Amino acid sequence: MNFSVKKMVYMALLTTVSLSMFVIEQQIPPFVPIPAVKIGLANTITLFVLFLGGKWHWRDAVIILFMRILLSAFIVGQPMSLLFSAVGGFMAFFIMLVSKNVIKGEQIIPIVSIFGAIFHNIGQILVAVLVYGSFSVFYYLPVLFISAIISGFLTGVCVTIIFRKQRKALDKIRNLTI
Amino acid sequence: MKKQTCIIIILFLMLFSIIGWTMSVNIHLTNSCAKIYQNGELLYTIDLEEVKEPYEIKITGDGGCENTILVKKGEIGVVAADCPDKVCIHTGFISDGIQPVVCLPNKLVIQIEVKYNIDNSGVIDGVAK
């Protein structure tokens with residue numbers, strides 16, 4: 001793996017942005033009485049790096065995701081949240097990487113984002129069933145699917161808009177020419 | 001895989017989720033009791049119909065979070081908690097559905113389950129729609 005200093009700086013910046021989005025989301029009071037329903041803004045960074053291309057590889061996205069999960073667990077302070085975040089985050093990343101290469105068409109970012117969100121929630125419910133030893137958390141699966149589809153779509157659309165505008169700045173980041 | 005196939009899959013998932021949720025809200029368990037679990041261990045079993053006076057149960061978890069559960073005749077719910085998100089309080093009271101009351105930071109799960117008959121056939125007999 002070849003890391004230039006420029007790329008490391010960009011990756012650190014993206015990790016910081018992802019982390020701040022996570023922290024901001026934590027401050028929003030839950031608008032439905034269901035655990036783990038959230039907008040998932042931190043996923044926009046993962047999507048951005050995945051679809052950037054140029055000199056950016058999906059390995060960079062994994063590293064940024066891993067760092068964000070690790071650091072966010074330190075911020076929250078509970079080891080349980082690390083387990084939930086990690087399982088959800090990596091399952092989501094796996095399906096996003098696979099679907100990015102498998103789905104043919106234009107404008108697939110919202111679809112990839114939706115699949116990522118769905119798998120993120122599936123992963124979290126699986127951890128909940130294992131940790132709490134109670135199958136009743138499966139009750140939340142339908143609602144979480146609905147929330148994942150909506151929030152996945154919204155974040156995917158945000159990233160699509162970012163890619164549509166800001167062409168010059170994006171090309172510079174893509175090719176690390178700043 | 002084409003993009004259109006994926007859109008159809010997603011729409012189906014949405015439809016099934018909405019149907020599934022509507023159906024799950026309408027399930028009423030008869031012959032049931034409330035069970036309080038923490039960390040996967042059963043702490044209390046309460047028959048809600050036999051509660052005469054409302055009483056409170058306080059549960060503390062590691063990390064210092066405390067939940068106050070109020071048990072009334074036919075209902076159970078969390079009324080006070082010092083966890084950060086307060087989802088457990090907002091869930092309200094449950095009586096005979098399959099929705100649980102959970103407090104994630106405190107690893108607390110309150111759910112309604114059917115009472116088992118002597119011949120252990122309670123699970124099938126007990127669900128009525």
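So that the names make sense, note that chain A is the first sequence line, chain B the second, and so on, each numbered from 1. Model, not experiment: these values are computed from the prediction.
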Co-membership, hydrophobic cluster, residues [X] and [Y], 4.5 Å side-chain:
X: B/V79; Y: B/V71; answer: no
X: B/L13; Y: B/L11; answer: yes
X: A/L82; Y: A/L126; answer: yes
X: A/L13; Y: A/L65; answer: no
X: A/L176; Y: A/V49; answer: yes

How long is the span from the [atom1] atom in [X] to the [atom2] atom in [Y], to the nearest 0.5 Å?
X: A/I114; Y: B/C6; atom1: CD1; atom2: SG; value: 10.0 Å
X: B/F16; Y: A/F145; atom1: CZ; atom2: CZ; value: 12.0 Å
X: B/I7; Y: A/I108; atom1: CD1; atom2: CD1; value: 11.5 Å
X: A/I118; Y: B/S17; atom1: CD1; atom2: OG; value: 7.5 Å
X: A/I111; Y: B/K3; atom1: CD1; atom2: NZ; value: 5.5 Å

Please report the closest heavy-atom contact between B/G20 and A/P142, naming both atoms and the distance.
C-CG, 4.3 Å
Identify the two heavy atoms, one from B/M14 and one from A/I150, that lie closest to each other, and give their separation to 0.1 Å.
CE-CG1, 4.2 Å
Side chain, backbone, both or neither of B/I18 within contact of chain A (heavy atoms, under 4.5 Å)
both
Evaluate whether atom NE2 of A/H57 has more than 12 neighbouring non-hydrogen atoms of other residues, nucleotides or ligands under 6.0 angstrom away.
yes
Just wondering, are more than 12 heavy atoms of other shown residues or ligands nearer than 6.0 Å to CZ in A/F66?
no
May I ask you to decide if B/P100's main-chain N or O and A/Y140's side chain share a donor-acceptor pair within less than 3.5 Å?
yes
Per-residue contact mode, A/I103 against chain B (heavy atom under 4.5 angstrom):
both
Between A/Q26 and chain B, which part of the residue has a heavy atom less than 4.5 Å away: side chain, backbone, both or neither?
neither
Taking side chain as C-beta onward, heavy atoms only, is B/I10 less than 4.5 Å from A/F153?
no
Between A/Y139 and B/I27, is any pair of side-chain heavy atoms under 4.5 Å apart?
no
